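Take a look at the structure below.
All values below come from the heavy atoms of this structure, side chains included, with hydrogens, waters and symmetry mates left out. Predicted, not measured: the structure shown is a model, and the values here were computed from it. Quick note on labels: first sequence line is chain A, next is B, and so on, each numbered from 1.
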Amino acid sequence: MTEPVGGFSPALMRGLLSRRTLLRGVGGAAVAAGLTACGTAGTATKKVAAKDRAATDKSSSEKIVNWSNWPEYIDVDDKTKKRPTIDAFTAKTGIKVNYVEDYNDNDEFFAKVKPQLAANKDTGRDVWVSTDWMASRLIRLGWVQKLDQANIPNAKNLEPNLRNVEFDKGRLYSLPWQSGFTGIAYNPKSTGGKKVETIDQLLTDPALKGKVTLLTEMRDTVGLTLLSMGKDPASFTDDDFNAAMDKLQKVVDSGQVKGFTGNEYGKGLASGDIAACLAWTGDVVQLKADNPSLGYVLPATGHMIWSDNFVIPNQAQHKTNAEKLIDYYYDPAVMAAVEDYVNYIPPVAGAKEVLQKQDPSVATNQLIFPSAATLDKAHVFRGLSADEETRYNKAFQSLVGG
Amino acid sequence: MTATVHVPGGSMPAAPVEPRKRRASKVPYLLLLPGVAWLLVFFVAPMIFLASQSLQTGSIEQGYALTWHIGTYGDALSAFHSQLFRSFGYAATATVLGLLVGYPLAYTIAFKAGRWKNVLLVLVIAPFFTSFLIRTLAWQTILSSDGPVVGFFRATHLMDLLRSLHLVAGNDLLSTPFAVVMGLTYNFLPFMVLPLYASLERIDIRLLEAGGDLYARPFTAFRKVTWPLSLPGVVAGTLLTFIPAAGDYINSKLLGNTSTTMIGQVIDGQFLRVLDYPTAAALSFTLMLAILVIVAVYVRRAGTEELV
Amino acid sequence: MAETASTGGDLHLQSLTKQFGSFVAVDDLSLTIPQGSFFALLGPSGCGKTTTLRMVAGLEEPTAGRILIGADDITDTKPYRRPVNTVFQNYALFPHLDIFENVAFGLRRRGSKNVKQQVDDVLELIELGHLARRKPTQLSGGQQQRVALARAIVNHPSVLLLDEPLGALDLKLRRQMQLELKRIQTEVGLTFVHVTHDQEEAMTMADTIAVMNNGRIEQLGDPASLYENPVTTFVANFLGQSNLVRARVTSRSGEHLTVDVQGTTFTMPRARCTSESDDIWMGVRPEKIQVNATAAGANTILGTVTDTSYIGVSTQYLVQLGFGQELTVVRQNDGAPILRPGQEVYLSWEPAHTFGLDARQDAKAGVEREEGELVPAGDAS
């Protein structure tokens with residue numbers, strides 16, 4: 001569960017705050033505070049040299065590990081509200097896990113920890129879970145530490161296709177926690193029974209006018225658009241990007257798009273206010289459980305794949321404990337238990353075999369255990385230089401904030 | 001002033017009265033210290049940082065340096081002036097609507113509610129027991145296209161009216177300027193009602209009787225007695241609604257569309273997503289100054305100093 | 001709007017009744033107040049006097065009964081249409097308007113011509129013309145009181161209602177304002193209906209006083225006859241002080257009545273006894289009692305001084321009679337020696353100053369006074 005809010009039932013909370021829901025609004029105060037903070041740290045933002053990153057590891061004296069993760073992104077026993085795999089880790093190792101669901105949004109979280117990281121100070125966290133591009137930024141800035149592979153023997157179970165990502169060759173700094181696809185979701189009730197199968201249809205079909213949402217995650221929205229134009233998100237040029245932005249700008253200007261969202265699209269999609277949208281797999285698996293009529297399509301032109309990755313920030317006080325935690329979750333049996341609940345794509349080989357015995361319905365779901373053919377059509381967004389990131393973000397933000 | 005007479009130090013070092021005098025003269029200033037410190041730490045310092053940030057250039061990689069680059073303001077304003085004006089437009093509309101809804105409500109609670117007064121006041125505040133975000137999300141449900149409100153608007157042709165006013169585009173309420181203004185009005189309504197109630201409740205009922213006794217019909221009595229006496233509440237309520245509404249970014253984000261973007265959303269995006277801190281700071285500063293000017297003009301015109 | 005002030009005439013209350021739930025605030029009250037008179041409704045708090053006033057103003061709706069001014073029935077007329085104005089307790093001046101606009105308020109509502117002239121005239125009358133542009137809060141209590149009066153009389157109402165108009169003023173100012181009110185009433189010639197719990201205030205100003213108790217009028221009359229001839233124990237006690245002694249009628253001969261009080265015989269004019277019963281309260285006002293060293297004349301009784309209160313202009317004594325009851329005696333300090341407790345004295349009074357009341361009434365009725373009220377005349381200074 002997330003932090004209790006008012007007197008809401010867990011079921012309602014699930015609806016409002018599905019995992020990874022971008023409750024950025026909560027960060028309203030954080031914006032103000034952040035503006036202040038950025039003043040203090042304003043000129044101190046610098047890459048931290050590798051030798052200066054580690055703190056004295058207290059792992060052996062303090063049997064704790066502080067883990068920040070997205071809401072609803074781990075297995076929870078629906079009856080006891082406990083987290084079985086975490087409890088089992090503590091029972092096994094004696095290490096207490098301070099599990100905090102305060103990672104609502106990559107950008108917001110970055111703003112939150114930036115002052116400490118920029119000053120090379122402890123953030124109070126030993127490990128957290130950042131999406132590829134944020135992990136990439138953190139590695140680029142030198143704000144996360146190399147993982148000690150000796151403490152993570154289970155890393156050998158990492159799915160081969162995730163071993164060599166552009167932003168972290170050889171997975172020296174990061175290991176995936178969960179992966180997912182970005183595709184198209186639609187509500188037949190609101191599309192007039194129509195299927196929505198291509199990005200071009202999503203962006204131009206008059207039947208959907210004013211009832212389409214795209215994602216505020218630039219890489220998902222622009223990536224899928226590039227694919228629809230026959231470009232590869234892993235190797236596009238400035239011109240390709242600009243062409244994609246022009247296409248999107250026309251679509252926005254035409255009134256086809258009602259807005260850009262994090263995954264708060266779930267509610268609108270279920271109610272029919274959103275006829276079709278870009279959506280993440282795990283969300284859709286969960287939404288379909290309550291609304292079986294919802295459709296989900298991975299477009300023929302290709303879809304985006306992303307991962308959220310464990311990283312250990314500079315000056316973490318319990319680095320070894322964090323690595324033990326990562327190692328623990330790379331045990332296929334443990335990851336299978338998580339997967340059975342969160343329904344994303346596990347990065348750990350062998351989890352599928354475990355689940356085939358325990359919960360075959362999950363093990364055969366293409367959105368959780370995709371076939372090789374499906375994975376072939378999955379694309380990643382290429383790493384961006386700092387300058388590109390700034391320019392692209394700026395352009396994309398003016399599209400979003402019309 | 002006469003209390004702070006200082007005898008030159010050293011002239012009467014042993015006099016018993018002297019230290020007591022000196023202490024008495026400093027106490028008032030010492031009492032000011034916590035307040036002054038609070039202001040310095042939580043207002044002046046952030047303000048200086050904000051101003052400084054807005055005049056810096058650089059990037060997150062290279063770091064920022066204060067280059068007095070005033071051009072950021074011009075660039076930010078030329079890029080985002082429409083969102084700024086839209087914010088004030090929405091906020092002003094929400095304030096007027098809030099007054100139209102809030103005044104009768106506050107009036108009823110103050111004068112007609114009898115023993116239900118406290119219950120009604122709690123009900124006015126009750127929405128605050130849940131978070132701002134949850135309340136706004138609730139409006140998504142209220143205005144959703146499968147909800148009863150939309151059905152009512154369609155059936156009564158109110159939808160056509162809204163469309164002709166360009167407050168909605170299609171046949172839905174959600175993701176329209178209408179929804180954003182509704183959300184703003186609703187979310188800040190207690191800020192309108194409570195000051196109004198406070199000033200109405202203070203009005204001596206005998207003044208209204210006196211109005212009637214002096215040949216004022218009920219409406220005239222309201223116009224000539226109740227309304228002017230409630231003006232301090234009106235001014236306070238409208239300010240407390242307008243100021244946060246102008247800077248709000250949740251309502252337009254959750255209830256609006258890409259063409260309802262308000263300045264708060266832009267600042268949020270520039271700060272969090274683009275990491276363009278100077279632009280975010282410049283826009284924040286501009287917003288603050290603009291609100292300051294509007295409030296100053298408004299308060300002056302409202303002439304609150306004329307009121308008791 | 002019609003020129004409401006033109007309807008003149010006497011104010012008639014006919015069987016006026018007001019109930020709040022089961023509580024009867026005003027009980028079948030009938031009364032005629034002549035045009036141009038200064039009329040006081042006097043009674044303790046809760047007696048129904050203010051409710052009566054508010055019904056006349058139109059601020060309360062009667063449960064039953066009618067209200068007429070001359071021949072016009074105004075019972076169902078809205079307050080803003082009644083030719084009636086009120087001077088409120090605590091004045092109820094509009095704090096956001098200056099003195100001039102406060103006074104002009106009623107004139108403007110009725111669309112009067114020459115507002116400025118009329119307001120200036122009335123401000124002249126109350127001698128506050130120089131403060132016309134001040135706000136009410138900048139005025140003293142007495143000045144506010146006069147503005148409240150001006151605000152009402154400028155409209156020339158058929159009836160002017162005054163609700164405890166001097167209650168918020170200190171004693172000295174109150175005395176001064178009593179005279180002023182009377183002067184203004186004489187000058188403008190309007191019907192004043194004045195509600196008060198202060199018997200001295202009522203007696204100083206009013207032509208006619210109605211003493212109210214429990215929603216009813218106990219006695220109606222001019223101040224002197226109410227004081228000299230109270231017809232109930234309530235009036236006897238509420239208006240000034242009275243000594244009430246239980247007596248038994250022994251004979252009724254001609255104009256006189258002979259009564260026996262524990263063996264002592266007293267006489268009084270038969271007309272001054274309101275009871276036909278043989279058991280009566282014999283009453284006499286404290287200042288009517290003579291104090292003598294020797295027995296002299298009729299209506300004489302021996303007693304012992306138990307308490308002496310020197311007040312300046314007079315001295316108040318408590319004198320215990322043989323059978324234990326104490327009488328209050330007030331004597332002018334005209335040079336006679338002050339009596340000491342323990343001294344034996346003879347008390348006597350004129351038969352004509354004696355009155356008789358029904359013994360079934362409560363001898364203590366009207367004695368209990370609310371806080372802050374004036375004690376009887378003579379004590380006050």
Side-chain angles (χ1 to χ4, degrees), chain A residues 5-8 16 23-28 30-32 34-40 42-47 105 107-108 110-111 114 118 137 140-141 189-190 209-211 213 216 218 252 255 257-260 264 267-268 271-273 386-387 389-390 393-394 396-402, chain B residues 45-46 48-53 56 58-66 79-80 83 129-134 136-137 140-141 143-147 169-170 172 174-176 248-250 253-254 256-261 264-277 280-281 284:
Chain A
V5 179
F8 281 84
L16 294 171
L23 289 179
R24 291 200 298 103
V26 190
V31 175
L35 280 174
T36 310
C38 76
T40 53
T43 51
T45 311
K46 288 226 178 70
K47 191 175 168 108
D105 175 89
D107 287 311
E108 183 205 309
F110 180 76
K114 184 180 153 282
R137 182 193 286 173
R140 199 172 69 216
L141 286 165
K189 199 177 70 181
S190 202
K209 187 170 175 181
K211 294 185 159 197
T213 63
T216 48
M218 186 255 284
V252 167
V257 174
K258 69 186 252 167
F260 290 79
E264 68 265 25
K267 219 160 85 92
S271 72
D273 281 312
D387 168 60
E389 188 164 284
T390 305
N393 273 335
K394 201 153 199 151
F396 187 71
Q397 196 57 39
S398 65
L399 175 79
V400 170
Chain B
I48 291 169
F49 283 130
L50 194 63
S52 142
Q53 183 82 67
Q56 293 176 4
S59 73
I60 186 144
E61 311 279 327
Q62 271 80 47
Y64 291 89
L66 182 57
F80 301 111
Q83 287 91 337
F129 298 164
T130 61
S131 86
F132 192 91
L133 200 67
I134 301 285
T136 311
L137 285 171
Q140 282 191 341
T141 309
L143 296 177
S144 74
S145 49
D146 57 355
D172 290 303
L174 205 54
S175 309
T176 61
D248 180 76
Y249 64 110
I250 307 278
K253 177 177 160 49
L254 295 184
N257 59 32
T258 50
S259 60
T260 63
T261 310
Q265 249 175 303
V266 173
I267 294 172
D268 175 53
Q270 294 297 315
F271 177 73
L272 280 181
R273 318 245 157 234
V274 184
L275 304 181
D276 187 344
Y277 302 141
S284 302

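Listed here is the closest heavy atom pair of A/Ser271 and B/Ser144: OG-CB, 4.2 Å. Among all heavy-atom pairs drawn from A/Val400 and B/Thr261, the shortest one is O-OG1, 4.2 Å.
Using modelled atom types, no side-chain atom of B/Asn257 and backbone atom of A/Gly259 make a donor-acceptor pair closer than 3.5 Å.
The ring-ring contact (aromatic ring centres under 6.0 Å, His included) test applied to A/Phe396 returns A/Phe260, not counting sequence neighbours.
B/Leu174 places a side-chain heavy atom less than 4.5 Å from the side chain of A/Lys258. Counting heavy atoms from C-beta on, the side chains of A/Lys114 and B/Leu275 never come closer than 4.5 Å. Side-chain contact between A/Asp273 and B/Gln140 is absent, with no heavy-atom pair separated by less than 4.5 Å.
The only member of A/Gln397, A/Met218, A/Lys394, A/Glu108 that meets side-chain contact (heavy atoms from CB on, under 4.5 Å) when paired with B/Arg273 is A/Gln397.
For A/Lys189, the part lying under 4.5 angstrom from a heavy atom of chain B is the side chain only. Neither the backbone nor the side chain of B/Thr260 comes within contact range of chain A, judged by heavy atoms closer than 4.5 Å. For a residue to count as touching a neighbouring chain, one of its non-hydrogen atoms must lie under 4.5 Å from one of that chain's; by this rule B/Leu254 touches chain A with the side chain only.
Going from atom CG of B/Asp276 over to atom OG1 of A/Thr390 covers 8.5 Å, rounded to the nearest 0.5 Å.
Among A/Asp387, A/Val257, A/Asn393, the residue making the largest number of heavy-atom pairs under 4.5 Å with chain B is A/Asn393.
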